Number of protein chains: 2
Amino acid sequence: MVAVKKRRIAPNVKMARVLRVARELFVEKGYYNVSIPAIVKASGVSTGAIYSYFANKETLARRIHEDTLAEFQQMFLQRLEGKEGVQDKLQVFAELCFDIAESDPVMMEYMLYMKHAEFMTDASPICFTEPFKLVRQYVELGMAEGVIRQQDLYVAAISYTGVILRAVELRLWCVINRPLQEISEDLVINAWAAIKA
Amino acid sequence: MVAVKKRRIAPNVKMARVLRVARELFVEKGYYNVSIPAIVKASGVSTGAIYSYFANKETLARRIHEDTLAEFQQMFLQRLEGKEGVQDKLQVFAELCFDIAESDPVMMEYMLYMKHAEFMTDASPICFTEPFKLVRQYVELGMAEGVIRQQDLYVAAISYTGVILRAVELRLWCVINRPLQEISEDLVINAWAAIKA
DNA sequence: GTCTATAGCCCGATAGAC
DNA sequence: GTCTATCGGGCTATAGAC
């Protein structure tokens with residue numbers, strides 16, 4: 001009888017598992033308080049396997065960062081299809097944030113809280129990433145069209161996203177205990193009221 | 001000749017120095033990435049002295065947390081004196097945040113970013129602390145008086161503070177490169193526009 | 001009270017069997 | 001590729017001289 005060591009997890013899903021579990025742990029405890037042994041324990045993937053996928057802990061974190069941002073951007077672009085007005089496009093951003101916060105709170109928390117500069121020397125602040133650049137473009141367009149009050153571009157973008165993202169924050173902290181979709185309409189009204197002409 | 005070991009730092013200012021230096025390091029690197037040796041090096045106070053003031057690293061962090069919140073609350077109450085209307089009182093909160101962000105960015109960054117739950121098991125989220133409770137009281141009053149649109153109390157408070165705090169955030173990240181006082185007026189207008197009746 | 005030195009622990013990363 | 005075992009290093013907290 002030829003004994004084959006039992007693989008508890010299929011090889012092709014191990015990396016995905018590590019990425020998912022590590023993101024959850026990073027969000028919960030912070031990058032520096034998550035050890036490789038902790039990821040091994042929570043994921044069921046061994047140290048050796050993890051180091052065969054990722055050169056080191058920082059590379060793993062970098063991959064999580066890129067994947068998460070790319071996923072957000074992809075969802076954002078998909079929902080933007082067919083939307084024309086600036087107000088609608090900004091609402092798409094708001095509702096995407098609310099939906100992710102409810103369906104995948106770990107992902108949303110990751111996007112809001114991880115101070116990537118902590119461990120990634122060349123990471124941009126999240127507000128310079130593609131989705132947030134898009135939001136600023138729409139705000140700029142809105143001012144050009146006259147539907148948004150003339151003001152500093154950043155001030156306007158901050159005012160809209162501040163309302164939305166702070167709501168997400170407080171929902172993730174369970175300060176708000178209703179699903180964001182229930183108060184989505186009010187929040188979108190307030191955010192728009194902050195900047196409309 | 002009786003030799004007396006030179007004290008590089010007067011004993012009565014050592015603790016204050018440790019608190020100030022440690023807060024700066026915690027904000028810059030995160031609690032878990034700041035070692036006692038690093039605090040020793042940056043403060044010039046020895047390990048033994050630090051452990052004579054604080055039972056352990058967590059106690060030091062807890063003290064920083066309490067001191068920082070108490071200082072904010074004291075400044076807030078002082079500026080509130082003589083202010084009557086809800087709009088004025090909320091503006092006091094906004095301007096206080098802007099002024100601290102400019103004059104003591106480490107303090108403001110501490111208030112916004114430290115995830116105290118990381119190392120303090122019984123810490124409240126910062127939005128349940130006294131200054132933020134006051135803000136919610138004023139918003140409640142504003143709705144009762146009819147100057148703020150009727151809506152969920154938390155939604156209204158979030159909408160106002162979201163505009164203000166996100167601006168502070170982006171200023172601390174140097175995304176905004178003008179002093180907040182220069183755009184204070186616009187931000188306060190936007191925050192109020194978000195919730196006014 | 002305050003110092004230096006270090007004990008004891010856990011980490012990230014690697015070595016070497018399979 | 002994947003495993004277990006372990007090394008070197010840096011950490012928190014303490015011990016013991018002064």
Side-chain angles (χ1 to χ4, degrees), chain A residues 1-26 28-65 114 116 118-121, chain B residues 1-26 28-65 114 116 118-121:
Chain A
M1 183 178 177
V2 178
V4 175
K5 188 172 278 186
K6 187 172 182 181
R7 293 174 194 279
R8 275 158 299 183
I9 306 166
N12 56 330
V13 297
K14 280 188 185 177
M15 191 155 98
R17 243 181 115 107
V18 168
L19 287 168
R20 188 168 46 78
V21 164
R23 185 170 70 179
E24 188 162 352
L25 289 172
F26 287 163
E28 191 194 340
K29 298 164 177 280
Y31 176 77
Y32 287 110
N33 201 38
V34 176
S35 66
I36 298 293
I39 296 172
V40 169
K41 195 172 176 184
S43 68
V45 179
S46 71
T47 310
I50 291 174
Y51 276 96
S52 80
Y53 302 135
F54 307 102
N56 50 43
K57 193 178 161 186
E58 185 186 326
T59 304
L60 165 60
R62 196 179 293 269
R63 173 64 180 274
I64 290 170
H65 182 56
M114 283 301 270
H116 303 96
E118 251 180 29
F119 56 89
M120 285 169 60
T121 48
Chain B
M1 183 178 177
V2 179
V4 174
K5 186 172 279 186
K6 187 173 181 182
R7 293 173 193 281
R8 276 159 300 184
I9 305 166
N12 55 331
V13 296
K14 280 189 184 177
M15 191 155 100
R17 244 179 113 107
V18 169
L19 287 168
R20 187 168 47 80
V21 164
R23 186 171 68 179
E24 188 162 352
L25 289 172
F26 286 163
E28 190 194 340
K29 298 164 177 280
Y31 175 77
Y32 288 111
N33 202 36
V34 175
S35 65
I36 298 294
I39 297 172
V40 169
K41 195 173 177 184
S43 68
V45 179
S46 72
T47 311
I50 291 175
Y51 276 96
S52 80
Y53 304 135
F54 307 102
N56 51 43
K57 193 178 160 185
E58 185 186 325
T59 304
L60 165 60
R62 194 179 294 270
R63 172 64 180 274
I64 289 170
H65 182 56
M114 283 302 269
H116 304 96
E118 251 180 26
F119 56 89
M120 286 169 59
T121 48

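Values below: all heavy atoms of this structure, side chains included; hydrogens, waters and symmetry mates excluded. Predicted model only: the values in this text are computed from it and were never measured. In the text below, chain A, chain B and the rest are named by the order of the sequence lines, each starting its count at 1.
In terms of heavy-atom proximity, A:F54 sits nearest to A:V18 at CE1-CG1, 4.1 Å. The shortest non-hydrogen separation linking B:L25 to B:A38 is CD1-O, 4.0 Å. Of all non-hydrogen atoms in B:R63 and B:L19, the two that sit nearest each other are CG-CD2, 3.7 Å.
Nucleic acid contact class of B:Y53 (heavy atoms, under 4.0 Å, all strands): sugar-phosphate only. Within the 4.0 angstrom heavy-atom criterion, no nucleotide atom of any strand lies near A:V40. Within 4.0 Å (heavy atoms only), A:P37 reaches sugar-phosphate atoms of the nucleic acid but no base atom.
To the nearest 0.5 Å, atom CG of residue B:L60 and atom CE of residue B:M15 are 9.5 Å apart.
In this structure, B:M15 places its CE atom 11 Å from P of C:dT2, rounding to the nearest Å. What separates CG of A:L60 from P of C:dA13 is a distance of 10 Å, to the nearest Å. Rounding to whole angstrom units, NZ of residue B:K41 and P of D:dG10 are separated by 12 Å. When the P atom of C:dT14 is taken as reference, atom CZ of A:F54 falls 15 Å away, rounded to whole Å. If you take CG of A:N33 and P of D:dG10, they are 19 Å apart, rounded to a whole angstrom. The CD1 atom of B:I39 sits 15 Å away from the C1' atom of D:dG10 (whole-angstrom rounding). Following rounding to the nearest Å, A:Y32 (OH) and D:dT12 (C1') show an atom-to-atom distance of 18 Å.
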Please set out all donor-acceptor pairs under 3.5 angstrom arising from side-chain atoms of residues 43-52 of chain A, sequence neighbours excluded.
from  : atom 1 : to    : atom 2 : distance (Å)
A:S43 : OG     : A:I39 : O      : 2.7
A:S43 : OG     : A:V45 : N      : 3.1
A:S46 : OG     : A:A49 : N      : 3.3
A:S52 : OG     : A:A49 : O      : 2.7

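At a threshold of 4.5 Å between non-hydrogen side-chain atoms, the residues B:Y31 and B:K57 count as touching.
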With the criterion being N/O to N/O and under 3.5 Å, what pairs connect the protein with nucleotides 13-17 of chain D, and how long is each?
from   : atom 1 : to    : atom 2 : distance (Å)
D:dA13 : OP2    : B:Y51 : OH     : 3.0
D:dA13 : OP2    : B:K57 : N      : 3.1

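For B:R20 and B:E24, the salt-bridge test fails: no basic side-chain N is under 4.0 Å from an acidic carboxylate O.
Phosphate proximity of C:dC11 to A:S35: present, with a side-chain N or O under 4.0 Å from OP1 or OP2. In terms of phosphate contacts, A:S46 brings no side-chain nitrogen or oxygen within less than 4.0 Å of OP1 or OP2 of D:dT2.
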